[in-house]
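Encoded as structure tokens, the structure appears first; notes follow it.
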Amino acid sequence: QVHLVESGGGLVQPGGSLRLSCAASGRIGSINAMGWYRQAPGKQRDLVAAISFAGGTSYLESVKGRFIISRENADETVYLQMNRLTSEDTAVYYCAARWGTLVPSGLGNYWGQGTQVTVSS
């Protein structure tokens with residue numbers, strides 16, 4: 001089992017920045033990719049960003065150039081730096097991890113509990 005704990009959500013004004021963190025513990029050897037999904041009320045869940053332990057990254061088209069996913073090997077923590085936030089980024093953000101490639105459906109993932117990000121003036 002892999003345990004994921006997110007932090008860093010909150011309220012931010014449009015144009016502002018937030019950084020989300022996700023700390024993994026447990027059977028770390030059973031995962032080799034981590035990422036972030038988000039889901040807004042009434043909308044589908046989107047895969048926002050993913051990073052493989054080999055270093056490859058991928059992003060949802062609408063966040064490219066604004067969000068950066070990174071990983072700190074030493075403490076098995078993944079970060080999502082979110083810049084130039086808009087109201088469209090408002091959602092619950094979930095950390096996820098698995099062995100293999102994270103897919104939009106989320107199949108096979110371990111999940112965190114989620115953290116709310118609200119972009120509003």
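We number each residue from 1, following the sequence as shown.
Going from atom CG of Leu102 over to atom OG of Ser52 covers 10.0 Å, rounded to the nearest 0.5 Å. Atom CZ of Arg38 and atom CG of Leu60 lie 6.0 Å apart (nearest 0.5 Å). Interatomic distance, CH2 of Trp36 versus OG1 of Thr115, reported as 7.5 Å (0.5 Å rounding). Taken to the nearest 0.5 Å, the CD1 atom of Ile31 stands 11.5 Å off from the CZ atom of Arg98. One distance of note links CG of Leu80 with CD1 of Ile51; it measures 10.5 Å at 0.5 Å rounding. Rounding to the nearest 0.5 Å places CH2 of Trp99 at 9.0 Å from CZ of Phe53.
Closest approach of Ser120 and Pro14 over heavy atoms only: C-CD, 3.6 Å. Considering every non-hydrogen atom in both Cys95 and Glu6, the closest pair reads N-OE2, 2.6 Å. Taking both residues in full, the closest heavy atoms of Asn109 and Ala96 are given as ND2-CB, 3.6 Å, listed atom of the first, atom of the second, then distance. Across every non-hydrogen atom of Ser30 and Tyr110, the tightest pair is OG-OH, 3.9 Å. Scanning all heavy atoms of the two residues, the minimum distance from Ala91 to Ala40 falls at CB-N, 3.8 Å. Counting all heavy atoms, side chain and backbone alike, Val117 lies closest to Gly9 at CG2-CA, 4.2 Å.
Between Glu88 and Lys43, at least one side-chain nitrogen of the basic residue sits less than 4.0 Å from a carboxylate oxygen of the acidic one, meeting the salt-bridge criterion.
The shortest distance between side-chain heavy atoms of Gln116 and Thr90 falls below 4.5 Å. Here the side chains of Arg84 and Thr86 are not in contact, with every heavy-atom distance at 4.5 Å or above. Looking only at side-chain heavy atoms (C-beta outward), Cys22 and Met34 come within less than 4.5 Å of each other. Two residues are said to be in side-chain contact when any heavy atoms from C-beta on lie closer than 4.5 Å; Asn83 and Ser17 meet this criterion.
Both Val119 and Val48 are assigned to one and the same hydrophobic cluster, defined by single-linkage of ILVMFWY side chains at heavy-atom distances under 4.5 Å. Each of Tyr37 and Leu18 belongs to its own hydrophobic cluster when Ile, Leu, Val, Met, Phe, Trp and Tyr are linked at side-chain heavy-atom distances under 4.5 angstrom. In terms of hydrophobic clustering, with Ile, Leu, Val, Met, Phe, Trp and Tyr side chains grouped at heavy-atom distances under 4.5 Å, Leu4 and Val92 are assigned to different clusters. Clustering ILVMFWY residues whenever any of their side-chain heavy atoms sit less than 4.5 angstrom apart, transitively, puts Met82 in a cluster other than the one holding Tyr94. Under the 4.5 Å side-chain heavy-atom criterion for ILVMFWY residues, no single connected hydrophobic cluster contains both Leu20 and Tyr79.
Judged by distance alone, with hydrogens and angles left aside, the side-chain atoms of Arg45 form a donor-acceptor pair with the main-chain N or O of Ser105 at under 3.5 Å.
Taking the six-membered ring for Trp and thresholds of 30 and 60 degrees, Tyr93 and Phe67 have ring planes inclined between 30 and 60 degrees apart.
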